[in-house]
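All figures in this text were calculated on a predicted structure; none of them were measured in a lab. For the single chain, residues carry numbers from 1 onward in sequence order.
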Amino acid sequence: MLSAPPGTAEAAPPRVRRSAWLDALRGTAATVVVFEHALVPLWPEARPYVKGVFDPGWYGVLVFFLVSGYIVPASLERGAGLRAFWVSRLFRLWPLFAVCAAGMALLSAAGWDEPHVWWQTRPTALVLAHVTMLQNLLDVPNLVNVLWTLSYEMAFYLLLTAMFALGAQRRSTPAALTFAAGAVLGAGLLPTALLSFGTADRMLTVVVAVTAVLAAGLAAVLYGHGRLRQAGAVAVAGTIVLLLAVNQRYPGPWQGLLILATMFAGSTLYRAGTGQVTHRHAAWVALVPLAGLWLGRGDLGTETATAAAWLTFAAGLALRHRVWPSWAAWLGLVSYSIYLLHPLLMESVEHFLSDPASVPVAARMALTAGVYAVLLGLCALTWRWVEAPAQRLGRRLVDGTASRRAEAGPAKG
């Protein structure tokens, strides 16, 4: 096992416990995203009016990204190093991700959802891109609509890993402002799908090349030393920045760059809360939501969602020491299941409810409540039988590796 990245061993921040306020924010974000996707199959006539004044999907994902930006550096720094971090991420994200993808494949096989044309035309690129979770930055269509956000989550993990390997892990404020500036200055100039656009062979070449470079770079970071480790970090960071700059078709160049800015802004707020940076220093990240408001100008729904997401996170941060209801914390606990499973339910509703506007409002309200109840029941099951066991296995692997490392003595390099 590698020793801690430069700069973390001597001045490690205080241990940050799992906080109920962060769980409550996750649960809120997931519930609002479900509301967004329930509009199409259940309330199509209301959707234009809702989206016109408030975009619930954009609000939800921004809250999610702020929470991730805040907690992920804490998880990394309090753990047993970068290898342990990646083991925990693997067992946190991939098992349910696979369940979600398999569920959508079953719906397609049952005829409830149109089979994706790429299954016939570009299956290798489709599968490999989803295995990396970077499909959205490789211009590969998402098997499930919500999976696009996980590509930005993975990009953040890779950038954060590279920064730790280079000893730049505390430079979250410059990172946030750089991505925000890129969003503002390059929003109308950056190309989309520059690398991946074209034939199936070109698409597959890009997917394979990116996967190989990132795998080699990450291996060098996790197992290498000295210049090899630094070279791996540069390769990882450079590849991700390149994809963010020229190869993200959806939701668009400025949104993708603003998402990374938002996550690094969350990291700065974490560092301010643990005393690693001053609050005056952290105040610079206020430019990130201002950039979001400027970029979303003319779109009231986006503007109000951006402002509301930041105000929600600020309120949660201000009230973090309060006692939160147990149900709110539970919603946060199963929020990943809520987020990934609800599109499968909405696809099922859409299959059976061909003309929702013709259904009486009272019946649709009852159906909406029933869908939420079924969803929460499914999430309780996937938490118990998929998420929790996978996370326990990940922790056992991390603890076992840490024990062997302790017995072998301090790592060198």
For the residue pair Pro251 and Tyr152, establish whether any side-chain heavy-atom pair is separated by less than 4.5 Å. yes
Decide yes or no for Pro73 and Gln169: does some side-chain heavy atom of the first lie under 4.5 Å from some side-chain heavy atom of the second? no
Quick one: closest heavy-atom pair of His279 and Ala272, and the distance? CE1-O, 3.8 Å
Are any non-hydrogen side-chain atoms of Val61 and Trp148 less than 4.5 angstrom apart? yes
Just by distance, do the side chain of Trp58 and the backbone of Ala309 share a donor-acceptor pair under 3.5 Å? no
Smallest separation among heavy atoms of Val334 and Trp383, with atom names: CG1-CB, 3.9 Å
Any idea which heavy atoms bring Ala329 and Asp23 closest together, and the distance? O-CB, 3.7 Å
Does either side chain, that of Thr211 or that of Thr132, offer a donor lying less than 3.5 Å from an acceptor on the other one? no
Counting C-beta onward and ignoring hydrogens, is there a side-chain heavy-atom pair between Trp294 and Leu290 closer than 4.5 Å? no
Name the residue from Met203, Arg202, Gln248 that meets the side chain to side chain contact (heavy atoms under 4.5 Å, CB included) definition with Ser196. Met203
Quick one: does Phe264's side chain get under 4.5 Å of Leu160's, heavy atoms only? yes
List the atom of Arg47, the atom of Glu36, and the distance in Å for their closest heavy-atom pair. NH2-OE2, 3.8 Å
Within the distance-only criterion (no hydrogens, no angle test), does the side chain of Asn136 pair as donor or acceptor with the backbone N or O of Tyr250 below 3.5 angstrom? yes
If only atom types and distance count, is the side chain of Trp94 paired as donor or acceptor with the main-chain N or O of Val131 below 3.5 Å? yes
What heavy-atom pair brings Pro141 and His130 nearest, and what distance separates the two atoms? O-CE1, 3.2 Å
Any side-chain heavy atom of Asp55 sitting closer than 4.5 Å to one from Leu300? no
Regarding Trp43 and Thr368, is there a side-chain donor-to-acceptor distance under 3.5 Å anywhere? yes
Under 3.5 Å, is there a donor on one side chain and an acceptor on the other for Tyr59 and Thr312? yes
Pair Phe64 + Tyr339: ring centers closer than 6.0 Å: yes
Looking at Ser19 and Leu22, would you say the former's side chain and the latter's main chain have a donor-acceptor pair under 3.5 Å? no
Ser151 (side chain) donor-acceptor with Met133 (main chain) under 3.5 angstrom: yes
Got more than 12 heavy atoms from elsewhere within 6.0 Å of CH2, Trp385? no
Within the structure provided, determine whether Phe313 and Phe65 are in side-chain contact (heavy-atom separation under 4.5 Å). no
Hey, is CZ on Arg297 packed in by over 12 heavy atoms from elsewhere, all under 6.0 Å? yes
Would Arg89 count as a cation-pi partner of Trp86, with NZ or CZ less than 6.0 Å from the six-membered ring centre and within 45° of the ring normal? no
Restricting to non-hydrogen atoms, name the atom on Ala125 and the atom on Leu204 that form the minimum distance, rounded to 0.1 Å. N-CD1, 3.8 Å
